[in-house]
Novice: 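The structure is given below, and queries will be raised subsequently.
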Amino acid sequence: MTEAAGPSVEGAREWAERLGWSYGLIAPDPVDRGAALARLAAARAEVQAARARYNEAWLRASRAGSEDWHQEPSVVAARRLYDEAGSRCLPEALWHAPHRDDIGVSPQLPFALLFLEWEARFPQEWTQHAKAWGTKQALIREMARCGHRDETVKAKLLDLVEVVVQRAYRCKDREYVRVARAIDGDDLRTRLHRAHHSENPWAQLHAGYVLWLLDRPDLPNTRHVWRTWLADPGSR
């Protein structure tokens, strides 16, 4: 990522200090992943405790009858502590931090990609410990808008599309068609053709469908289109 297009050094450093441990969630070694999952569980407990304290402060202030109860020092302080706890946990950190209008120039970008990679490579662990389908959908859509501009991000997205087409469908996987269309090119099509001609029946099906849609950029990726494609053996 170029310096001009990337996040500020200070912002990236702060995110790395808070969430650098989360790279263990996508480590090949299950021992490393186990350690990261334990760290995540501790971070989640902090978030839950901070949320409970914030809710308690909110309730006390609202019952006091003040018109500006949400500006009460106790409420403001509790909210700040809740946000700080969330900034050290996934997926909460991706909810609490604004990324301006373009995640591609936000310091949260590496961790958004990490969250998607975790779901793609270790779906059961992701589902058990951090299931957030709406966050997955939103991040994929944002990656589709920015992924074609940066070669490092594009390389990661190529890997993600390749992984996802080789498995049984999971919630919101259909959104990856947006990514495929955004990063369409020889590299992607070579990978998809390889998957389509593999012995993996899921890869044959999903990669074939994505390739078919890439050749029809104006066709919407709807459930109706998917079912119509499935019903026509000639299209596959």
Side-chain angles (χ1 to χ4, degrees), residues 26 90-91 94-95 99-106 108-109 111-128 130-236:
I26 56 175
L90 287 176
L94 303 173
W95 303 340
H99 47 74
R100 289 167 280 188
D101 294 324
D102 187 349
I103 197 172
V105 293
S106 167
Q108 78 178 101
L109 174 62
F111 299 98
L113 286 168
L114 183 151
F115 191 71
L116 292 177
E117 183 173 357
W118 182 25
E119 191 278 333
R121 297 191 184 280
F122 303 102
Q124 297 310 314
E125 292 177 5
W126 182 92
T127 301
Q128 181 179 353
K131 180 176 67 174
W133 301 118
T135 302
K136 173 184 172 180
Q137 180 184 53
L139 291 177
I140 294 173
R141 290 184 176 186
E142 290 174 3
M143 294 305 163
R145 288 193 289 269
C146 76
H148 65 286
R149 300 198 308 264
D150 183 281
E151 289 304 316
T152 301
V153 175
K154 183 177 180 180
K156 181 67 69 176
L157 295 178
L158 283 166
D159 291 342
L160 286 176
V161 172
E162 185 176 22
V163 170
V164 168
V165 298
Q166 296 185 64
R167 69 182 184 185
Y169 180 84
R170 279 172 57 84
C171 184
K172 307 302 181 183
D173 276 358
R174 190 162 57 92
E175 298 293 338
Y176 275 103
V177 170
R178 297 173 183 265
V179 174
R181 282 173 160 168
I183 61 173
D184 189 13
D186 291 342
D187 192 355
L188 176 64
R189 289 183 180 244
T190 296
R191 297 186 191 205
L192 291 174
H193 278 294
R194 184 168 57 237
H196 182 51
H197 295 290
S198 71
E199 296 182 359
N200 179 343
W202 292 115
Q204 294 171 13
L205 192 67
H206 296 155
Y209 178 65
V210 175
L211 284 165
W212 185 76
L213 282 179
L214 289 179
D215 289 334
R216 296 161 178 80
D218 296 328
L219 193 65
N221 177 30
T222 63
R223 289 184 177 87
H224 174 72
V225 169
W226 162 251
R227 290 167 182 158
T228 301
W229 180 82
L230 281 177
D232 180 9
S235 65
R236 303 197 295 274

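In this chain, numbering begins with 1 at the start of the sequence shown. Only this structure's heavy atoms are used, side chains among them; waters, hydrogens and symmetry mates stay out. Please read all numbers here as calculations on a predicted model, not as lab measurements.
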Novice: Is the backbone of Ala195 close enough, under 3.5 Å, to the side chain of Ser198 for a donor and an acceptor to pair up by distance?
Specialist: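 A pair under 3.5 Å: yes.
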
Novice: State, with a plain yes or no, whether a side-chain heavy atom of Val161 is found less than 4.5 Å away from one of Val165.
Specialist: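 Contact flag for Val161/Val165 side chains = yes.
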
Novice: Check whether any side-chain heavy atom of Leu109 sits under 4.5 Å from a side-chain heavy atom of Asp150, and report yes or no.
Specialist: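 Side-chain contact under 4.5 Å: no.
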
Novice: Would a 4.5 Å heavy-atom cut-off, applied to side chains only, mark Arg121 and Ile26 as touching?
Specialist: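 SC-SC contact between Arg121 and Ile26 ruled out.
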
Novice: In terms of relative ring orientation, are Trp126 and Trp133 parallel, tilted or perpendicular, with 30° and 60° separating the classes?
Specialist: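 Because their plane-to-plane angle lies in the 30° to 60° range, the rings of Trp126 and Trp133 count as tilted.
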
Novice: Tell me whether the rings of Trp226 and His206 are parallel (<30°), tilted (30 to 60°) or perpendicular (>60°).
Specialist: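 Ring orientation, 0 to 90° scale: tilted.
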
Novice: Output the distance between atom CH2 (Trp118) and atom CG (Leu113), rounded to the nearest 0.5 Å.
Specialist: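 Atom-to-atom, Trp118:CH2 and Leu113:CG are 15.0 Å apart.
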
Novice: To the nearest 0.5 Å, what is the distance between CG (Leu116) and CG (Leu157)?
Specialist: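 With rounding to 0.5 Å, CG (Leu116) is 8.0 Å from CG (Leu157).
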
Novice: Return the CE to CD distance between Met143 and Glu175, rounded to the nearest 0.5 Å.
Specialist: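 Rounded to the nearest 0.5 Å, the CE-CD separation comes out at 13.5 Å.
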
Novice: Does atom CH2 (Trp229) have a neighbourhood of more than 12 heavy atoms from anything else shown, all under 6.0 Å?
Specialist: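 Atom CH2 in Trp229 is packed in, count exceeds 12.
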
Novice: Would you call Arg194-Glu162 a salt bridge at under 4.0 Å N-O?
Specialist: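 Yes, this pair counts.
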
Novice: Say you draw a straight line from CG of Leu192 to CG of Leu211; how long is it, rounded to the nearest 0.5 Å?
Specialist: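 With rounding to 0.5 Å, CG (Leu192) is 4.5 Å from CG (Leu211).
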
Novice: Looking at Arg223, I'd like to know if its CZ atom is crowded, meaning that more than 12 non-hydrogen atoms belonging to other residues, nucleotides or ligands lie closer than 6.0 Å.
Specialist: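 12 or below, so no.
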
Novice: Heavy-atom distance under 4.5 Å between the side chains of Leu219 and Val225, does that happen here?
Specialist: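 Yes, at least one pair of side-chain atoms sits under 4.5 Å.
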
Novice: Lys136 and salt bridge (charged side-chain N to carboxylate O under 4.0 Å, His left out): which partner among Glu119, Glu142, Glu117?
Specialist: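 Checked Glu119, Glu142, Glu117 against Lys136; only one passes salt bridge (charged side-chain N to carboxylate O under 4.0 Å, His left out): Glu119.
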
Novice: Any side-chain heavy atom of Arg178 within less than 4.5 Å of one from Arg181?
Specialist: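 Counting from C-beta outward, Arg178 and Arg181 never come under 4.5 Å.
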
Novice: Please round to the nearest 0.5 Å and tell me the distance separating atom CH2 of Trp212 and atom NE2 of His196.
Specialist: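 Between Trp212 CH2 and His196 NE2, I get 13.0 Å after rounding to 0.5 Å.
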
Novice: Above 12 or not: heavy atoms from other molecules or residues under 6.0 Å from NZ of Lys156?
Specialist: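 Open.
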
Novice: With rounding to the nearest 0.5 Å, note down the distance linking CD in Gln108 to CG in Leu94.
Specialist: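 Result: 5.5 Å between the selected atoms.
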
Novice: State whether the number of non-hydrogen atoms from other residues, nucleotides or ligands found under 6.0 Å of Asp232 atom CG is greater than 12.
Specialist: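 Check passes, neighbour count above 12.
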
Novice: So that I can tick it off, tell me whether Arg167 and Asp173 are bridged by a salt bridge, with the cut-off set at under 4.0 angstrom between side-chain N and carboxylate O.
Specialist: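 Result for this pair is yes, salt bridge flagged.
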
